[in-house]
Each structure stands twice: as structure tokens, then as C-alpha cells.
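A short write-up of the structure that comes next.
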Amino acid sequence: MGYPKQVYDRAWEELARRERACREEALARKEEIHRLIPEIKEIAREMAIQGALVAKAAISDPAGAQRKIRELSERNLACQRRREELLAAAGYPADYLAERSVCPICKDAGYVGPRMCGCMEALLRKEAAAFLGRFSPAQECSFGSFVPELYPETPDDSGVSPRARMKEVLAFCK
């Protein structure tokens with residue numbers, strides 16, 4: 001199904017907006033936790049250092065890199081467990097610091113591999129409707145702008161005038 005370029009552009013803009021919002025929320029949660037539980041900030045720092053040490057070990061000592069990577073991996077897992085314990089003790093879920101996405105399927109990428117995600121399809125439909133709506137007089141239509149006087153007052157074959165019928169329809173719809 002093809003949509004105009006503007007529709008795709010708007011859908012991609014929405015996905016980018018979602019991604020920024022999720023990243024900002026994750027950063028706010030991280031800052032909150034680092035302020036409330038300083039030990040978690042130290043754990044994050046230690047895990048970052050361990051990551052750098054893994055890279056250094058792989059470059060400087062290729063023969064002993066596997067052993068060093070295994071040791072650092074074990075330390076990293078211990079750090080992760082300690083972080084989860086601290087979060088749980090403070091009443092937070094273990095994944096509180098994880099970046100979340102609006103769509104759990106594609107992580108707000110719009111695609112899962114080569115296939116378009118259902119969230120992207122829904123965004124495209126929504127944006128296409130908005131795009132078409134800009135060219136439609138339907139936006140100007142409302143109950144307030146409805147004029148029953150445009151309908152004839154003369155009764156039809158049923159004995160009811162179109163104007164009276166439209167007033168009934170208007171009252172029902174309101």
C-alpha cells in the first residue's frame with residue numbers, strides 16, 4: 001500500500017519523537033536513581049570501566065583475552081545483581097533503569113527485520129487520514145455548524161418534513 005511521501009515523513013517523525021521521549025525518560029529515571037541510591041551510580045561507573053578493560057585485554061593480550069573477558073563478565077554480572085538488589089530494596093523493579101519503547105515489538109524502529117511492524121502500519125493509516133482530512137471540508141462540519149433550515153419544511157410521503165427529521169437526527173446524534 002503506497003502513501004504520499006508526506007505521510008511516511010510524518011510517521012518517521014513520530015517514531016523519532018517516541019524514541020527521544022523514551023530516551024529522555026530513561027535518563028530521568030537514571031538521574032533519579034543515582035540521586036537516591038548513589039551506590040548504583042558507582043556500580044554504573046565500575047561496569048563502564050570493566051567494558052573498557054575488556055577492550056584493552058582483547059587488544060593488548062590476545063592470548064589471555066578470553067580468561068580476562070570471563071573474569072570481567074563475572075564481575076559485571078555481580079554488579080548487575082547488586083544493582084537489582086539495591087533497586088528492589090528501594091521498591092523499584094529490576095528493569096527500572098532500562099530504556100523502554102512505545103512498541104515492544106519493533107522498539108519504535110517501525111520494522112522488524114524486513115517486515116513493517118503493526119505500529120508503523122497504524123501510524124501510516126493515522127497520518128494518511130490526517131493528510132486527507134486537511135483537504136476535506138469535514139473539519140468544518142460540527143453539530144454547531146449544522147443548519148436544519150437547509151432542509152425542506154414540506155412533509156414528504158411519510159407525512160414528516162425532511163427538516164423535522166434532520167432535527168430529530170441531530171438531537172439523537174448529540
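For this chain, numbers begin at 1 and follow the sequence in order.
Hydrophobic side-chain contacts under 4.5 Å tie V112 into a cluster, directly or through other members, with I105.
Smallest separation of non-hydrogen atoms from Y8 and Y3: CE1-O, 3.4 Å. Across every non-hydrogen atom of A90 and I37, the tightest pair is CB-CD1, 3.6 Å. Residues E149 and R163 approach most closely at O-NH2, 3.1 Å, considering heavy atoms. Among all heavy-atom pairs drawn from C22 and D108, the shortest one is SG-OD2, 4.1 Å.
Residues meeting the side-chain contact (heavy atoms from CB on, under 4.5 Å) test with E39, sequence neighbours left out: I43, R82, L86. Residues passing the salt bridge (charged side-chain N to carboxylate O under 4.0 Å, His left out) test with D156 are R165, sequence neighbours excluded. Judged as a salt bridge (charged side-chain N to carboxylate O under 4.0 Å, His left out), and not counting sequence neighbours, the contacts of R10 are E127. For the side-chain contact (heavy atoms from CB on, under 4.5 Å) test, residues two or more places apart in sequence or in another chain that qualify with Q6 are P4, F131. In this structure, R20 has no salt bridge (charged side-chain N to carboxylate O under 4.0 Å, His left out) partners at least two apart in sequence or on a different chain. The salt bridge (charged side-chain N to carboxylate O under 4.0 Å, His left out) check on E74 picks up nothing, with sequence neighbours excluded. In terms of the side-chain contact (heavy atoms from CB on, under 4.5 Å) criterion, residue partners of E71 (sequence neighbours excluded) are, by chain and number, R67, K68. By the side-chain contact (heavy atoms from CB on, under 4.5 Å) test, A164 pairs with V160, S161, sequence neighbours left out.
To the nearest 0.5 angstrom, M47 atom CE is 6.0 Å from C79 atom SG. Between L87 atom CG and I40 atom CD1 the span is 4.0 Å, to the nearest 0.5 Å. Between E24 atom CD and E19 atom CD the span is 11.0 Å, to the nearest 0.5 Å. For the atom pair Y151 OH and K167 NZ, the distance stands at 12.5 Å (nearest 0.5 Å). Residue Q50 holds its CD atom at 9.5 Å from CG of L77, rounded to the nearest 0.5 Å. Here CE of M120 is found 10.5 Å from CD of E14. Values are rounded to the nearest 0.5 Å.
If you chain together hydrophobic residues whose side chains sit under 4.5 Å apart, I59 and I69 never meet in one group. Side-chain heavy atoms closer than 4.5 Å link hydrophobic residues (I, L, V, M, F, W, Y) into clusters, and following such links, possibly through other members, connects L97 to L36.
Sorted by first and then second residue, the pairs that involve residues 53-108 and meet ring pair (Phe, Tyr, Trp, His ring centres under 6.0 Å), not counting sequence neighbours, are Y92-Y96. Legend: ring pair (Phe, Tyr, Trp, His ring centres under 6.0 Å) pairs involving residues 57-86, not counting sequence neighbours: none detected. Sorted by first and then second residue, the ring pair (Phe, Tyr, Trp, His ring centres under 6.0 Å) pairs with a member in residues 27-73 form an empty list; sequence neighbours excluded.
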* To do: Dump the intermediate steps for side chain to side chain contact (heavy atoms under 4.5 Å, CB included) on L123 and R18, then the final yes or no.
  => CA-CA 12 Å; L123 269 175; R18 288 178 182 181; 3.9 Å; yes
* Start with the C-alpha distance between E99 and K107, add both sets of side-chain angles, then the distance that settles side chain to side chain contact (heavy atoms under 4.5 Å, CB included), and finish with yes or no. => CA-CA 10 Å; E99 191 171 310; K107 308 287 188 245; over 6 Å; no
* Give the intermediate values and the outcome of salt bridge (Lys or Arg N to Asp or Glu O under 4.0 Å) for residues R29 and E32. => CA-CA 5 Å; R29 287 192 305 274; E32 169 196 4; over 6 Å; no
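Looking at E31 and R35, no side-chain N of the basic residue comes within less than 4.0 Å of a carboxylate O on the acidic one, giving no salt bridge.
Taking 4.5 Å as the limit, some side-chain heavy atom of D95 sits within range of a side-chain heavy atom of R100.
With 3.5 Å as the limit, one finds no donor-acceptor pair spanning the side chains of Q80 and E84.
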